[in-house]
Amino acid sequence: MVTIFAAGVGPHNLEIDDAAGFMAPIVTSTFRGPRHDVDVQGAGLIAGVLYHVRLDGAAAGDMRIPVDVIARPEVNCLMLRRSWETLGRTMTGVGFSGIRWDTASAGWIPIPHTYFIGQMLYSAEFYLRPALGAARDCNDLQTMDEIAKYYVTMLQQTETVAALLSRPNVTAETKERLALVDRTSRTFVAPFDSQVGEGELYNAQWLHPAALLVRLVTLLPESDRTPAMNVFATEYGPFIIKEHLERYFVQQHMPSLGARPRVGRIAQWELAMQGLRGRDPWDSAMSDIDLWLLSSAAEMLGAHANDPRLVPLTAQQVSMLNLAISTGVRLFQSRRTYYPDTRDFLHSRVGSASYFNGDDVGHPDLAYSGVTSEALPTPDKRAVKQDASWDIGHAYRIPLFLRALYENRKATGSRFPEFKDLQLVVNQYLYRVFNGDFTHPLFHNYFDGGDGWLRVGFNGPGYGNPPSLYCDMHDERRLCLTPGNIVGWGELAFVNPDLAKLERSLIAMAFDESPATHAFRDRYYFYNAPYHLTSIDGALVYGNDLYFVIAEDASMIAPAQ
C-alpha cells in the first residue's frame, strides 16, 4: 500500500500518473478523511518508477515506490552514461546502423556504405532499449536526446515499399506479403543471400525502442523536452503507426491458414484461435514479431494518452491498435501452459506459467530439444521434446511484452496482464529455468524448463547450442544463449523479491574476483567483451552483457550515486 495524507476532512481528489501532464492518470480517486491507502498492485504501479501525485488540483509532488538498492561503487548512473558514450553509440551506430556519432556537431552522420542495413538493425535493439531504460531511471535527458537524433537520422536510409518492390532481385516472400500495402510506406532493405527484401522481424525489433522513446518523451514536462525529442516524436508517430503497425497488422498478407485466402495479421490471429493451420506448423504460432508489434502498439497508445497533441492518433488508428492488442492478448493467453506444482526456493507451492509450449516443435531448430547429452547429437539421436517452448535466448521478448502492456493499461483498454499474470511468468523463469545458484547462475535452454540442444547444424556441421552447463562462449561451435538468457527480465524485477535478488547477484558476479567465479563468467557470460569492466578508448566501461543488466536495473541504483 501507498498512503496519501491530506489536511482537512475532504472530499479530496487524488491523481497519480507517470506523465507530468496528468492527461490520463493511472489512479483517480475521491476520499474523505486525513489519509487514503492506494493498492499498488491493484493500481498497476511499479516500484522504482517516478510517479507524480496531485491532490485537489494543487501542485504535483513526486513519488517512487522503494526498491532494493544496489549499493556498489562501480554501479552508478555516471558509468551507465559513459558506457553509452563509448560502447552504446559505437555498437548502435557504426556496428548496426551505418551511421556514427559526431562529437563536434553533437549529431549522427551517415557513413558511406554500399551494404544494406536492414538485417543489422535487429541487433541495435540490444543497446537502444537498455540505454533508454537507464536514461529514464537516471533522469539522463542527454542520452534520450541523442537517441531521438539517432532515429531521426535513420529516416535518411529508408526506402519506399514501391522502390523496394521495383528492385529486380526482391524475394518472392516480400512480393507476396507486401502486394497490397501502402506503396509510399518507408522501410529498410535487407539482404537475403543474393536477393533483397524487407525483414519484418528486423524492423519490428528495431522499432520497439523507438515506440518506447515516444512514450518516454510524453512522460516529461514540456520544459524538459529538447527540440530533437519533439522532432522525433512528431516524425515517428506517423512512421510507426501508419507506415509500420497499420501495414503489419492489417494491410500485408500473412501465410494462408486452413486453405483460406491470405489475410492480415489480426485476422490471421483469429483464424489461428479457431484451430486452422498453415503449410508450416509455425504459421499459426505466435512469433517474436507479434510480441514486438504488440509492445510497440501499447507504447504508442500510452504516448497518445499522455500527450495527444504531440502524438495525435485518429479514432480509426486507436481502434485498430486496440483491436490488435485485444486479439493478440487472447492469442497469447491461449498459448499458456500452467504449472500448479511449481515451488519457490522455500519449497512453497506458487505455480508458474510458460507460453508457446509445443508451438514450434516442427521447426528444425528444435529437432534435438529432447537431447541433454554433453556430446553433439548425431542424426540417429534426434529427439524432440514435444512440449518445448521458446528457447531462452528468444524468450526475453516475453517480459518486455508484459511490461509494455502492464505499464500502458491505462491506454490499451486491456486489463491484461494482471499482477498475478506477471508473477506466474516470473515464477517460471526463477523456479524452472534458473538453476537456483545465485553465485553461479545458469539458465536452461528452453522456457518450459527443458535443457536440450538447440539449433544443431544451424551454422554448419558440428554447430549447436548445448545444454546450459556444456556451452562455452569461447567455442564458436558450442555457444551459450547469451545475452538473451539474462536480458529483459530486469524489467519485471519489481514482481518478485527473488528476481530482484537474482538481478543483484548477476551484477555482484561481475565484480567477484575469485578464480572460480572469474572462470565461470568468462566461459558463460563473455559476449564480445568480458562480463566485467572493460577499457574502450581509454575509458573504463561496462562490458556488453553487464551493461545490459545494469541498465535494466538502473532503478535499483543507490540515489547518492
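- Looking at Thr90 and Asp537, their side chains never come closer than 4.5 Å, going by heavy atoms from C-beta outward.
- Here Arg455 does not pair with Asp391 in a salt bridge; the nearest charged N to carboxylate O distance is not below 4.0 Å.
- Qualifying side-chain hydrogen bond (donor to acceptor under 3.5 Å, both in side chains) partners for Gln251, counting only residues two or more places apart in sequence or in other chains: none.
- In plain terms, the two heavy atoms of Val189 and Phe116 that are nearest each other are O-CB, 3.3 Å.
- Residues forming a side-chain hydrogen bond (donor to acceptor under 3.5 Å, both in side chains) with Arg477 (at least two apart in sequence, or on another chain): none.
- With hydrogens and angles disregarded, a donor-acceptor distance shorter than 3.5 Å links the side chain of Arg409 to the backbone of Pro417.
- Annotation: salt bridge (charged side-chain N to carboxylate O under 4.0 Å, His left out) contacts involving residues 109-131, sequence neighbours excluded, comprise Glu125-Arg129, Arg129-Glu491, Arg129-Glu552.
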Sequence neighbours excluded and cut-off under 3.5 Å, please list the side-chain donor-acceptor pairs for residues 284-294, or say none.
| unit_1 | atom_1 | unit_2 | atom_2 | d |
| --- | --- | --- | --- | --- |
| Ser287 | OG | Ile289 | N | 3.3 |
| Ser287 | OG | Asp290 | N | 3.2 |
| Ser287 | OG | Asp290 | OD2 | 3.3 |
| Asp290 | OD1 | Arg265 | NE | 2.6 |
| Asp290 | OD2 | Ser287 | N | 2.9 |
| Trp292 | NE1 | Gln205 | OE1 | 3.0 |

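- At a cut-off of 3.5 Å, with distance as the only test, no side-chain donor of Asn169 or Ser194 sits close to an acceptor on the other residue.
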Can you list, pair by pair, the side-chain donor-acceptor contacts under 3.5 Å of residues 100-107, counting residues two or more places apart and other chains?
| unit_1 | atom_1 | unit_2 | atom_2 | d |
| --- | --- | --- | --- | --- |
| Asp102 | OD2 | Ser105 | N | 2.9 |
| Asp102 | OD2 | Ser105 | OG | 2.6 |

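- Aromatic pair Phe188/Tyr202: ring centres not closer than 6.0 Å.
- Put simply, the side chain of Tyr355 never gets that close to the backbone of Ser334: no donor and acceptor are under 3.5 Å apart.
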Please tabulate, for the side chains in residues 543-551, all donor-acceptor contacts under 3.5 angstrom to protein atoms that are two or more places apart in sequence or on a different chain.
| unit_1 | atom_1 | unit_2 | atom_2 | d |
| --- | --- | --- | --- | --- |
| Asn544 | OD1 | Tyr127 | OH | 2.3 |
| Asn544 | ND2 | Tyr527 | O | 3.0 |

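- For Phe447 and Tyr429, the gap between ring centers reaches or exceeds 6.0 Å.
- Taking the six-membered ring where tryptophan is involved, the planes of Phe356 and Trp390 are essentially parallel, since the angle between them stays under 30° and well short of 60°.
- Sorted by first and then second residue, the salt bridge (charged side-chain N to carboxylate O under 4.0 Å, His left out) pairs with a member in residues 269-280 read Glu270-Arg330; sequence neighbours excluded.
- Taking Arg89 as the reference, Glu146 meet the side-chain hydrogen bond (donor to acceptor under 3.5 Å, both in side chains) condition, with sequence neighbours excluded.
- With a 4.5 Å cut-off on side-chain heavy atoms, Arg81 and Thr143 count as touching.
- For an aromatic pair to be called close, the ring centres must be under 6.0 Å apart, and Phe96 with Phe126 fails this.
- Closest non-hydrogen pair, Asn445 versus Gly452, comes out as ND2-O, 2.9 Å.
- With a 4.5 Å cut-off on side-chain heavy atoms, Asp17 and His52 do not count as touching.
- Counting only heavy atoms from C-beta outward, the side chains of Asp137 and Leu80 never approach each other to under 4.5 Å.
- Side chain of Ser83 to main chain of Tyr542: a donor-acceptor pair is present (N/O by atom type, distance under 3.5 Å, no hydrogens or angles).
- Side-chain contact check for Met300 versus Gln317: every heavy-atom pair is 4.5 Å or farther apart.
- Applying the disulfide (SG to SG under 2.5 Å) test to every pair with at least one member in residues 91-178, sequence neighbours left out, gives these pairs: Cys77-Cys138.
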Let's go through Tyr151 and Phe239 carefully: what are the C-alpha distance in whole Å and the side-chain angles of both, what is the deciding distance for ring-ring contact (aromatic ring centres under 6.0 Å, His included) to 0.1 Å, and is it a yes or a no? CA-CA 11 Å; Tyr151 272 109; Phe239 183 65; 9.0 Å; no
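- Among residues at least two apart or in separate chains, side-chain hydrogen bond (donor to acceptor under 3.5 Å, both in side chains) pairs with a member in residues 207-220 are Arg215-Glu299, Arg215-Glu407, Arg215-Asn408, Thr218-Asn306.
- With hydrogens and angles ignored, the 3.5 Å screen pairs no side-chain donor or acceptor of Lys149 with any backbone N or O of Ala228.
- Judged as a salt bridge (charged side-chain N to carboxylate O under 4.0 Å, His left out), the pairs with a partner in residues 304-324 (not counting sequence neighbours) are, in order, Glu222-Arg309, Arg225-Asp307.
- Between the side chain of Ser97 and the backbone N or O of Ile99, no donor-acceptor pair lies under 3.5 Å.
- You'll find the side chain of Phe232 stays beyond 4.5 Å of the side chain of Ile147, heavy atoms only.
- The shortest non-hydrogen separation linking Pro25 to Phe22 is CD-O, 3.6 Å.
- Look at Glu243 and Arg247 and you find no salt bridge, because none of the NZ, NE, NH1 or NH2 atoms lies under 4.0 Å from a carboxylate O.
- Contact record, Ala367 with Val384: O-CG2, 3.5 Å, taken as the closest heavy-atom pair.
- Contacts of Lys242 classified as side-chain hydrogen bond (donor to acceptor under 3.5 Å, both in side chains), with partners at least two apart in sequence or in another chain: Asp182.
- Ser319 places no side-chain N or O within 3.5 Å of a backbone atom of Gln316 that could act as its donor or acceptor partner.
- The shortest distance between side-chain heavy atoms of Leu164 and Val161 does not fall below 4.5 Å.
- The nearest pair of heavy atoms linking Ala303 to Val214 is CB-CG1, 3.7 Å.
- Across every non-hydrogen atom of Phe526 and Met473, the tightest pair is O-CE, 3.1 Å.
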